[in-house]
Enquirer: 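Mind looking over this structure? Questions follow.
Computation of the quantities below employed the complete heavy-atom set of this structure, encompassing side-chain atoms and omitting hydrogens, waters and symmetry-equivalent molecules. All ligand and atom numbering here is 1-based and tracks the order in the structure.
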Amino acid sequence: MKSKNLGFNSKLIHGGGYEDPLGSATVPIYQTSTFAFKNADHGAACFSGEEAGYIYTRIGNPTIGALENLVAELENGYGGIAVGSGMAAVNTIYFGLLNQGDHIVSSAAVYGPSRVVMEQHYSRFGVESTYVNTADTEAILKALKPNTRMIFIETPANPTMDITDLKACAKIARENNLYLVVDNTFCSPYLQKPLDLGADIVFHSMTKFLNGHADIVAGMVIAKEEGLYKKLRSMMTNLGCNMDPHQAYMVIRGLKTLGIRIERAQQNAIKIADYLEKHPKIEWIKYPGLKSHPQYELARSQMLGSGSMLSFELKGGLEAGKRLMDNVKVALLAVSLGGVESLIQHPASMTHSKVSAEAKLKAGITDGLVRYAVGIEDVEDLIDDLDQALAMV
Ligand SMILES: *Cc1c(COP(=O)(O)O)cnc(C)c1O
């Protein structure tokens, strides 16, 4: 079915263009490592690219391909490259596009391991990096060097919920001949389409919203143009960080409800944010849907909704935050996000524990910051849960 003119929710169900030879309503799992050729000439033609055909699952597979085409369509990209995890996506991009002596500018509050792998491992190959608050466009400009090759951002940032201006970054990237890479995990294409705003590459930890059920780990890289797509695809097959067909099936299944899951979680988040903002024990709360968010207008201009992630700090700081986390009963005390269940966690000691204390402070990740990933439960239960836990603080 041609899905180009359908709405986003219809694309989730009918997009990607997979046509099953037997008419299966869902994409079947091609659980195979290799594909038999019709004859020697056919095999040679597949390898040379003269004929389109499957060869070997690390290179391509019909189930994985259906997911790649679907997500590329949702993000308005040229093509998708499915990988085994969000970090596999990060490494496919870093390794595929950075050379010895290159420099990247990135968000100080980027996902912890995206920074750790750069500072601890790519540095071994001579790649330099500078981390700034990319919500401040001037800070990005100041950090540029003659050898800068990439701007790598996450917006909203994790876990500070700072918003980076995507159009401004795209302008800087164009004027300085840099790649603009955006981690769109927090939003999903339902809430933000960075390629439409000028990014070259978007990637996802599909472990989060796209799969949405906290039952697998997966990643996806989407390139705007064919040249970048081919370069990154070749990197993925050579790194061997491909996705598994069963994983792809799970994400295709989870994706069908992306729109309704996000709408529901967002409705819950708006109510929880209102509740927390008024609570006397809250020092501050940051949620892009609150007028008190310093970049409320920017968020409204580039996001299609305010999402379901929020960060806050209790007046009692770290000790109070710990008591809150130890006393919630409905939300799980767990890292990750984007699933149907609400999760609460403490970035300074959990997701960002490997980031240096100085870097954390600079990025605004205070010791008392608590991150709440709102799920799709009944909001009354989530608020009651927070209420009883806050009473114990
Ligand atoms: C989880 C996450 C990643 C890493 O993804 P994995 O699937 O865990 O490898 C990258 N970026 C963000 C924003 C994330 O939340």
Enquirer: For Asn147, which residues count as a side-chain contact (heavy atoms from CB on, under 4.5 Å) partner, sequence neighbours excluded?
Expert: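 So Asn147 forms a side-chain contact (heavy atoms from CB on, under 4.5 Å) with His103, Glu128, Lys145.
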Enquirer: Answer with yes or no whether the side chains of Thr155 and Thr164 bring together a donor and an acceptor at under 3.5 Å.
Expert: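 No.
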Enquirer: Nearest 0.5 Å, what's the OH-OH distance between Tyr287 and Tyr296?
Expert: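 That separation rounds to 10.5 Å.
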Enquirer: Looking only at the side chains, is there a donor atom on one of Asn184 and Gln192 sitting less than 3.5 Å from an acceptor on the other?
Expert: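 Looking only at side-chain atoms, Gln192 and Asn184 do form a donor-acceptor pair, the distance falling under 3.5 Å.
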Enquirer: With sequence neighbours excluded, give me every ring pair (Phe, Tyr, Trp, His ring centres under 6.0 Å) pair touching residues 208-231.
Expert: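 Found Tyr78-Tyr229.
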Enquirer: I'd like a table of the close N/O pairs between ligand 1 and the protein (anything under 3.5 Å), one pair per line with both atom names and the distance.
Expert:
unit_1   : atom_1 : unit_2 : atom_2 : d
ligand 1 : 5 (O)  : Ser205 : OG     : 3.0
ligand 1 : 7 (O)  : Gly86  : N      : 2.8
ligand 1 : 7 (O)  : Ser205 : OG     : 2.8
ligand 1 : 7 (O)  : Thr207 : OG1    : 2.7
ligand 1 : 9 (O)  : Gly86  : N      : 3.0
ligand 1 : 9 (O)  : Met87  : N      : 2.8
ligand 1 : 11 (N) : Asp183 : OD2    : 2.7
ligand 1 : 15 (O) : Lys208 : NZ     : 2.7

Enquirer: What side chain to side chain donor-acceptor pair (under 3.5 Å) pairs are there with at least one residue in residues 239-263, not counting sequence neighbours?
Expert: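 Found Tyr190-Glu263, Thr257-Arg261.
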